[in-house]
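First comes the structure, then the notes that go with it.
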Amino acid sequence: MKTFNNNKITFKFPSVWEVEKANIQNNPDCVATVAKGETNLLNVVQFPTATTIEEFKPHMEDMFTEDGGVILSSEIIEIASKQAIYMHGNMDTVEINFDIHSFVFIENKNIYFFEFRTLDVTNETIEEFKNIVNTFEILK
């Protein structure tokens, strides 16, 4: 396992995943981009917020459907010893059709967004993503 650490957050990921340059040009709040091959991309975003998990969940769902996505499931769960929104959806664009799995944490007036875009819908890759998120820690 490898470790991502930016002095604000940390998480572990399998060695078959590679850290890429965070896409701050399209998303200035992106703190990490980790990929597994050409078909699996995980972006981790952090920014300040005054909202709560309960308030953010319908807003997150609205943003996703307004972008043309179809929500397959959305719930508040516990992972990484924290409360999180877990949403699974599908996005069908002119160029590509892909699944999105997202975990959103809100702690200490910050939002932490783990968004996994994948063409690989095997349980193995999705479980790897969930295991990565389960190692997420906020550094003091």
Side-chain angles (χ1 to χ4, degrees):
M1 296 289 277
K2 296 179 184 178
T3 301
F4 175 86
N5 181 334
N6 74 345
N7 296 323
K8 295 178 184 176
I9 66 167
T10 185
F11 58 88
K12 297 183 183 315
F13 56 95
S15 59
V16 294
W17 292 65
E18 294 292 328
V19 174
E20 296 187 348
K21 184 174 179 176
N23 186 356
I24 58 173
Q25 190 169 22
N26 288 339
N27 188 347
D29 298 313
C30 187
V31 294
T33 298
V34 185
K36 179 183 178 186
E38 297 289 319
T39 61
N40 302 288
L41 186 68
L42 167 61
N43 283 309
V44 182
V45 176
Q46 175 195 354
F47 54 89
T49 187
T51 192
T52 66
I53 288 273
E54 292 80 10
E55 292 170 339
F56 188 72
K57 185 176 179 287
H59 178 66
M60 177 179 157
E61 293 167 350
D62 288 346
M63 287 186 308
F64 189 74
T65 56
E66 287 170 5
D67 282 345
V70 175
I71 297 171
L72 303 173
S73 67
S74 180
E75 59 189 319
I76 296 176
I77 66 164
E78 186 170 312
I79 188 166
S81 300
K82 299 167 190 52
Q83 192 177 47
I85 301 166
Y86 172 64
M87 189 180 78
H88 173 208
N90 182 267
M91 186 68 70
D92 192 11
T93 69
V94 175
E95 298 96 24
I96 193 167
N97 178 287
F98 57 94
D99 270 10
I100 295 179
H101 295 263
S102 299
F103 285 97
V104 176
F105 301 90
I106 297 177
E107 303 240 342
N108 303 323
K109 298 193 181 212
N110 281 292
I111 195 164
Y112 303 90
F113 203 109
F114 285 73
E115 182 180 81
F116 177 54
R117 296 174 179 224
T118 184
L119 300 177
D120 179 1
V121 293
T122 65
N123 284 337
E124 177 184 338
T125 304
I126 295 165
E127 284 305 311
E128 283 179 1
F129 164 65
K130 290 178 180 178
N131 289 337
I132 290 169
V133 174
N134 204 36
T135 68
F136 166 58
E137 292 182 43
I138 301 167
L139 302 173
K140 307 272 179 199

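Values below: every heavy atom of this structure, side chains too, minus hydrogens, waters and symmetry copies.
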Inset, instruction - Please determine if E128 and K36 form a salt bridge, counting it only when a charged side-chain N lies under 4.0 Å from a carboxylate O. - result: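 Salt bridge present between E128 and K36.
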Which heavy atom in [X] sits nearest to a heavy atom in [Y], and how many Å separate them?
X    : Y   : value
A32  : A22 : N-CB, 4.1 Å
L139 : I9  : CD1-O, 3.8 Å
E20  : A35 : OE2-CB, 3.3 Å
P58  : E54 : CD-O, 3.2 Å

Return the [atom1] to [atom2] distance between [X] and [Y], rounded to the nearest 0.5 Å.
X    : Y    : atom1 : atom2 : answer
I96  : L119 : CD1   : CG    : 4.0 Å
K57  : I85  : NZ    : CD1   : 7.0 Å
I106 : E55  : CD1   : CD    : 8.0 Å
T52  : Q83  : OG1   : CD    : 9.0 Å
I77  : I53  : CD1   : CD1   : 10.0 Å
I111 : D29  : CD1   : CG    : 10.0 Å

Inset, instruction - Only one of I100, L42, N40, L41 passes side-chain contact (heavy atoms from CB on, under 4.5 Å) with T118; say which it is. - result: N40
When you measure from the side chain of [X] to the backbone N and O of [Y], does any donor-acceptor pair fall under 3.5 Å?
X    : Y    : answer
T10  : F4   : yes
N134 : K130 : no
N90  : G69  : no
K8   : N6   : no

Taking the side chain as C-beta and beyond, is there a heavy-atom pair between [X] and [Y] under 4.5 Å?
X    : Y    : answer
M60  : S74  : no
S102 : E115 : yes
F56  : T49  : no
S73  : Y86  : yes
Y112 : V31  : no
N27  : N43  : no
M87  : I71  : yes

Is there a chain of hydrophobic side chains (I, L, V, M, F, W, Y, each step under 4.5 Å between heavy atoms) that links [X] to [Y]?
X    : Y    : value
F136 : F47  : no
V104 : M63  : yes
I79  : I138 : yes
V45  : F105 : no
M1   : W17  : no

Looking at [X], I want to see if its [atom1] is surrounded by more than 12 non-hydrogen atoms of other residues, nucleotides or ligands under 6.0 Å.
X    : atom1 : result
K12  : NZ    : no
E38  : CD    : no
N123 : CG    : no

Legend entry - F129 and F114 aromatic centres sub-6.0 Å: no
Inset, instruction - Start with the C-alpha gap between T135 and T3, add the side-chain angles, then the distance that decides, and say whether side-chain contact (heavy atoms from CB on, under 4.5 Å) holds. - result: CA-CA 10 Å; T135 68; T3 301; over 6 Å; no
Inset, instruction - Look at the aromatic rings of F11 and F13 and report parallel, tilted or perpendicular, splitting at 30° and 60°. - result: tilted
